[in-house]
Number of protein chains: 2
Amino acid sequence: MTGGYLKGRMRREDIITAAIEVYREAGYNGSSLREVAKRAGITHAGLLYYFPTKEALLAAVLERRDAEDTEREKLDIAPGIDLLRHLIALAEYNVAHRGIVEVYARLAAEAVAPGHPAHEYFIRHYRIARESALATFRTLAANGELRPGVDPEAAAVAFIAMEDGLQVQWLTTPDEIDLVGSLRFYLQSLLTVPLG
Amino acid sequence: MTGGYLKGRMRREDIITAAIEVYREAGYNGSSLREVAKRAGITHAGLLYYFPTKEALLAAVLERRDAEDTEREKLDIAPGIDLLRHLIALAEYNVAHRGIVEVYARLAAEAVAPGHPAHEYFIRHYRIARESALATFRTLAANGELRPGVDPEAAAVAFIAMEDGLQVQWLTTPDEIDLVGSLRFYLQSLLTVPLG
DNA sequence: CCTACCGATCGGTAGG
DNA sequence: CCTACCGATCGGTAGG
């Protein structure tokens, strides 16, 4: 009988979902276990039965994100122009789900401080993102699809920066910024072939 | 005799300086009036004599930033390639003063929420930054210094995004990111003439 | 500007 | 999972 365990696992997921919602509104530092617990329908002491500290809950939130990312990568798109198209599709998804963008933009800004509990996570996150972008730009260069003079290393850093920066501007003034259009335009400017 | 007033003004400046320091470490939401007051050498009730609420202190911090920006603009650089060079010099200054970058990156992320006390400030801030960049890219285009196919409007949004995004990546992993180099490389890729 | 205080809220623990 | 509690900290006020 795994019934009890199953229920516990589901409860944990509910708490994580509630936490993401609260982080989105208040950031991690500004959030409280009591608010997260209330939205999950338990007391804050009950929450601490599942996640022994505030940090443990944050770790679980970031773990879920990694799990989702891993799942998406199961699509197993090869580096190259198709991956760029996939990233644009992902940006479209994000625009329709403002919440997740807000959570990670706020967390990333909080976590620049070396002591922050998510600091190491974001160091790793950026490293992986840059490496993935680098592989793609190198492939494009090899295929003659990268505009001459565009250095793959520099483009990788710049592309991640562009994604992050557009998100903050878009979150601040959603009506004035076309996130997907801007991203597409930027990527197209690096290429010799149409993104489509 | 303006002695009393002068002393008051100086005390206010000391408090604002202390506030910037604390915001840098903890963000605005994560900061406390007691911590700011301690660094300014007074009690938190004393601070509230100068700034009646936590929000009033934030407003003063943002006002100082505007004042500094206005002073820099007194240099009165015309839109165009010289302004781009000036922005690169500004980025160099920022890299040497990590604190101010951290304050505004964190504040910008917190302030994406419509209810945040600095939300309107950042809406205005981004609008002004974009307009300034747009004027420059239009001038460059008119002079044939902008690479063909680069749309000034799109480039303005993208350039501000690039600045913001590079800052967060650089703050997270200062040793892995060459902020000024990346920015210079990006700008050069938009031009037909050397930035120098 | 300070002392002294207020009510509210925080993360975490005890003990069941 | 809850009730009940802890010490710490918060923004703000009174009253001088």
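Worth knowing before you read on, the calculation uses all heavy atoms, side chains too, and leaves out hydrogens, waters and symmetry mates. So that the names make sense, note that chain A is the first sequence line, chain B the second, and so on, each numbered from 1.
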A:S32 side chain near C:dC10 phosphate (N/O to OP1/OP2, under 4.0 Å):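 Yes, within the criterion.
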Which residues pass the ring pair (Phe, Tyr, Trp, His ring centres under 6.0 Å) test with [X], not counting sequence neighbours?
X	answer
A:Y49	none
A:Y104	none
B:H44	none

Residue pairs involving residues 15-25 of chain A (criterion side chain to side chain donor-acceptor pair (under 3.5 Å); sequence neighbours excluded): A:T17-A:R64, A:E21-A:R39, A:E25-A:R39
B:L57 CG to D:dG11 P, straight-line distance once rounded to whole Å: 10 Å
Residues in side chain to side chain contact (heavy atoms under 4.5 Å, CB included) with [X], at least two apart?
X	value
B:R184	B:I88, B:E92, B:V180, B:L195
A:T53	A:E55, A:A56
A:N29	A:E110, A:H116, B:R106

Verify same cluster id: B:L90, B:I177 (apolar side-chain graph, 4.5 Å):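 No; tracing contacts between hydrophobic side chains, which count when under 4.5 Å, never links both residues.
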What are the atom names and distances for every N/O pair under 3.5 Å that joins the protein to nucleotides 12-16 of chain D?
unit_1, atom_1, unit_2, atom_2, d
D:dG12, OP2, B:K54, N, 2.8
D:dG12, N7, B:H44, NE2, 2.8
D:dG12, O6, B:H44, NE2, 2.9

Base-pair map of DNA chain D as dot-bracket, where | denotes pairing with a different strand and pairs are Watson-Crick or G-U under 3.5 Å: ||||||||||||||||
Qualifying ring pair (Phe, Tyr, Trp, His ring centres under 6.0 Å) pairs with a residue from residues 155-196 of chain A, counting only residues at least two apart or across chains: none
Contact residues, residues 18-29 of chain B to DNA chain C [heavy atom, < 4.0 Å]: none
Could you list the donor-acceptor pairs under 3.5 angstrom formed by side chains in residues 138-145 of chain B, with sequence neighbours left out?
unit_1, atom_1, unit_2, atom_2, d
B:R138, NH2, B:E153, OE2, 3.1
B:T139, OG1, B:A135, O, 2.9

